[in-house]
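Following: one structure in structure tokens, then a few remarks.
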Amino acid sequence: MLTFRIKPLFIAFGLSCLSVNSWAQLSSNKAVVNSINGDNITATVSFPTPVTGDLYVAADIGGGALLFIGKGATFSTTPTAFQSNGSFTTDLTVLDIPTAGIPAGVYPLYQVVAKAGSNPLDFNNWIGGFGGLSNITFTINLANTAHTPDPLPVVTAIPDPIPTSI
């Protein structure tokens, strides 16, 4: 006899709804950037449906530390809104900075819209709950994208053979 377990079915359905009903989507035209040749890290938040609240953007800089990004590419370790009490309906560039001086590594970037004036670190304040959180990951390489030619082979002179006959 085949039996269905209702609870796991509802949980799976709920999680799929959360992922489909994202209130905003963080994106970039280039997720792998190079620090030597003048690349920029650029990120945009798109709002498929209008949303109102405080927009937060933060980068994970390692060790569980978040670096919050404010207007004009300002950075803070304390929660700082990129835009407070805003009505978001169109694409918004939230990051456009050069990679020069940023150590090579993998940097997740997160965005969430929280209820105006609330704590963005409490997911209960996120508009759309967990479905309101989106992220992308940037990989910063130190290498230049220009091809480095292979080194030329080392040529050593072969001495003339010494005659073996007398």
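With Leu95 as the partner, the side chain to side chain contact (heavy atoms under 4.5 Å, CB included) test is satisfied by one option alone out of Asn40, Leu109, Thr44: Leu109.
In terms of heavy atoms, Val113 sits closest to Phe47 at CG2-CE2, 4.1 Å. Taking each heavy atom of Lys115 and Ser118 in turn, the nearest pair found is O-OG, 2.6 Å. The two residues Pro108 and Tyr110 have their closest heavy-atom pair at CB-OH, 3.6 Å.
Checking Asp39 against Thr99 by side-chain atom types alone, no donor-acceptor pair falls below 3.5 Å. With 3.5 Å as the limit, one finds no donor-acceptor pair spanning the side chains of Ser134 and Gln25.
With sequence neighbours excluded, no residue forms a ring-ring contact (aromatic ring centres under 6.0 Å, His included) with Phe75.
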For residues 50-72, tabulate all N or O donor-acceptor pairs below 3.5 Å that involve a side-chain atom, not counting sequence neighbours.
residue, atom, partner, partner atom, Å
Thr52, OG1, Ser87, OG, 3.4
Asp54, OD1, Asn85, N, 2.5
Asp54, OD2, Gly117, N, 2.7
Asp60, OD1, Gly62, N, 2.9

Side-chain donor-acceptor contacts of residues 121-129 below 3.5 Å, not counting sequence neighbours, with atom names and distances?
residue, atom, partner, partner atom, Å
Asp122, OD1, Asn124, N, 2.9
Asp122, OD1, Asn124, ND2, 3.1
Asn125, ND2, Asn119, O, 2.9
Trp126, NE1, Pro120, O, 2.7

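Residues Leu92 and Gln83 meet the side-chain proximity criterion, which asks for heavy atoms closer than 4.5 Å.
Interatomic distance, CG of Asp91 versus OG of Ser27, reported as 7.0 Å (0.5 Å rounding).
No path of Ile, Leu, Val, Met, Phe, Trp and Tyr side chains, each step under 4.5 Å between heavy atoms, connects Val106 with Ile41, placing them in separate hydrophobic clusters.
One N or O on the side chain of Thr80 and one on the backbone of Thr78 form a donor-acceptor pair closer than 3.5 Å.
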